[in-house]
2 protein chains.
Amino acid sequence: MKTKAQQHESIAPNAGTRQLGTRERIVRTASRLMQRQGYDGTGIKQISTEAGATLGSMYHFFPGGKQELAVAAIRHGDAEFVDILRAVLAAEPDPGAAIRELTRSLAEGLRASDWVDGCPVTATALGTAAGAPDIQAAAAEAFAHWRELVFAKLVEAGLTEADAHDLAHTVISTLEGAELAAQVTRSEQPLLLAGVHLTRLLDTYPRPSARG
Amino acid sequence: MKTKAQQHESIAPNAGTRQLGTRERIVRTASRLMQRQGYDGTGIKQISTEAGATLGSMYHFFPGGKQELAVAAIRHGDAEFVDILRAVLAAEPDPGAAIRELTRSLAEGLRASDWVDGCPVTATALGTAAGAPDIQAAAAEAFAHWRELVFAKLVEAGLTEADAHDLAHTVISTLEGAELAAQVTRSEQPLLLAGVHLTRLLDTYPRPSARG
DNA sequence: CACTGGATAGAGCGTTCGTTCTAGTCCGGT
DNA sequence: ACCGGACTAGAACGAACGCTCTATCCAGTG
């Protein structure tokens, strides 16, 4: 089933995404470009060119046009970060240690991209808040997903549900703001300090010393 | 000196900014519009229309075009927030209490604007990071100014310079991220929780009980 | 009065935008 | 052999973009 689309493309339109379906290639390219340039700064034609797709394909897969494409891009960025978050939370038993490791990883990624690849959701959603409710909704859902993962980890570590709920909010807010600050100031410092301070904050909350 | 420009404009182009110089009116309008719509989402012609200026005036005052205008808009937003920050920090002796009050005020403002007026610097700077170094530099300077004010307040409260430096980073990061999260989720909660948690974090640092 | 320079005014430049449209290509099913 | 749906291909549309250009207005100066 699913005939895919491997008819030509012999000249490698987009490194690393060569044998993906056209739709998937479009979404990934859109997500990456909007992450760097924002919604208004990214044109449909730029996406189609860099994805190795044509305008016809763009509107075939996304009849809702640019807005539908942006929603798909945000969902893609959401899922991508969910994977990262899940992995780093699973690798460390202590929530604080996991978050510190996450800030290190985020800082490294940001520096590696020369400070252009920030949060894929933020850049796309900012500036489109008014007049594009579905884009905003997709961004809000992404934040909620991430909060939920942090919440579960904190509860698992023995915090009360009330404390965990509130802290999950601040953990995500601070990570988001620190990534932003790191990007703007072109420095890893905001992210690394956020990791240290979030750990310190978490440590002020009571939890059973052992739980079995 | 300075002939200003009051030749006509009898029909009030922009409420509340009527008797300002044309240049000032342009900067304020640009700052407000870019805060809501981002850099790419805001057109020169929209700014000129809403500011009650003409295209000729735009390029007369800002020969560097849109980029120079964006830098001026960011500096304006920077100065505006410096005033707010200075006022709230001066009104409360305790840094934590001041920051909590600030989050309340930010949340109120955000709700009052129906969640569209976020950080004036962030929205303008995001998405223009690559290829517009002066815009990015202006944004970085703004962040530095705000950090400096928080730093001074923390030192004044008795924290060590090292602790104050690190905490100032996280305070600004968290405020920034919480405002972003509040805007995206259309809720005051991220900001208010950030205030509570930042206070709690500050309270974990040693400081002389009295200093007089 | 004429002259000057800061400021205003807006038509118009070339380009790009998001979108629509028609035509064409591929391929499994029959 | 042929059909029909999935997909590709890109010309073309009106609108908007950032910006340049010339013309005009007005206060100040001689």
Side-chain angles (χ1 to χ4, degrees), chain A residues 1-11 13-14 18-27 29-30 33-34 37-73 124 127-128 131-132 134-135, chain B residues 1-11 13-14 19-27 29-30 33-34 37-73 124 127-128 131-132 135:
Chain A
M1 318 281 174
K2 278 181 181 171
T3 61
K4 300 281 171 142
Q6 68 260 26
Q7 358 212 120
H8 16 105
E9 325 182 348
S10 49
I11 41 159
N14 199 344
R18 217 143 329 151
Q19 40 204 10
L20 267 48
T22 302
R23 193 198 144 93
E24 186 68 14
R25 242 183 309 128
I26 291 173
V27 171
T29 307
L33 287 177
M34 288 187 178
Q37 309 171 344
Y39 178 83
D40 285 305
T42 305
I44 295 269
K45 286 173 184 172
Q46 185 189 9
I47 298 171
S48 83
T49 300
E50 299 209 13
T54 63
L55 267 181
S57 305
M58 304 293 287
Y59 285 92
H60 172 74
F61 289 110
F62 302 95
K66 198 181 183 183
Q67 289 203 9
E68 185 182 344
L69 187 46
V71 170
T124 309
T128 63
D134 40 355
I135 293 180
Chain B
M1 316 280 176
K2 276 182 183 173
T3 60
K4 300 283 171 145
Q6 68 261 25
Q7 356 211 120
H8 14 105
E9 324 185 347
S10 49
I11 41 161
N14 198 343
Q19 40 203 11
L20 267 47
T22 302
R23 192 198 144 93
E24 186 67 14
R25 242 182 310 128
I26 292 173
V27 171
T29 306
L33 286 177
M34 288 188 177
Q37 309 170 343
Y39 178 83
D40 287 305
T42 306
I44 295 269
K45 285 174 182 170
Q46 185 189 9
I47 298 172
S48 83
T49 300
E50 298 208 13
T54 62
L55 263 183
S57 304
M58 304 292 288
Y59 286 92
H60 172 72
F61 289 111
F62 302 95
K66 198 182 184 184
Q67 291 204 6
E68 185 181 345
L69 187 46
V71 170
T124 309
T128 63
I135 293 180

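This one's a predicted model, so the numbers in the text were calculated from it and none came from an experiment. Chain naming here is simple, since letters A, B, ... match the order of the sequence lines and numbering starts at 1 in each.
- For the pair B:Y39 OH and D:dC17 P, the interatomic distance rounds to 13 Å; values are reported in whole Å.
- Taking each heavy atom of A:R25 and A:A51 in turn, the nearest pair found is NH1-O, 2.8 Å.
- The residue B:L55 sits close to a base: some heavy atom pair falls under 4.0 Å.
- Contact annotation for B:S48: no contact, since no heavy-atom pair falls under 4.0 Å across all strands.
- Nearest heavy-atom pair, A:G65 versus A:Y59, reported as atom, atom and distance to 0.1 Å: CA-CE2, 3.7 Å.
- Not one side-chain nitrogen or oxygen of B:S57 sits closer than 4.0 Å to the OP1 or OP2 atom of C:dA7.
- For D:dT8, the OP1/OP2 oxygens have a side-chain nitrogen or oxygen of A:T22 closer than 4.0 Å.
- Using a 4.0 Å heavy-atom cutoff across all strands shown, B:Y59 reaches at least one base atom of the nucleic acid.
- Annotation: side chain of A:K66 is in contact with side chain of A:Y39 (closest heavy-atom distance under 4.5 Å).
- We find that CD1 of A:I47 is positioned 18 Å from P of D:dG10, with the value rounded to whole Å.
- In this structure, OG1 in A:T29 is found 7.0 Å from CD in A:E50, a value given to the nearest 0.5 Å.
- Summarising the geometry, the separation between CD1 on B:I44 and P on D:dA15 is reported as 22 Å, rounded to the nearest angstrom.
- Rounded to whole Å, the distance from CD on B:Q46 to P on D:dG18 is 9 Å.
- The side chain of B:H60 lies closest to C:dA7 when the candidates are C:dA7, C:dT19, D:dC7.
- The CD1 atom of B:I26 sits 10 Å away from the C1' atom of C:dA7 (whole-angstrom rounding).
- Remark: C1' of D:dC7 and CE of A:M58 are 14 Å apart, rounded to the nearest angstrom.
- A donor-acceptor contact under 3.5 angstrom links the side chains of A:Q37 and A:T42, judged on distance only.
- Rounding to whole angstrom units, CZ of residue A:R25 and P of D:dC7 are separated by 12 Å.
- Toward the 5' end of DNA chain D, the nearer of the two residues A:K45 and A:F61, judged by each one's closest nucleotide, is A:F61.
- Nearest nucleotide to the side chain of A:T54, out of D:dG10, C:dT19, C:dA7: D:dG10.
- Note on B:G56: a base of the nucleic acid sits closer than 4.0 angstrom, heavy atoms only.
- Protein atom CZ of A:F62 is 12 Å distant from nucleotide atom P of D:dC7, rounded to whole Å.
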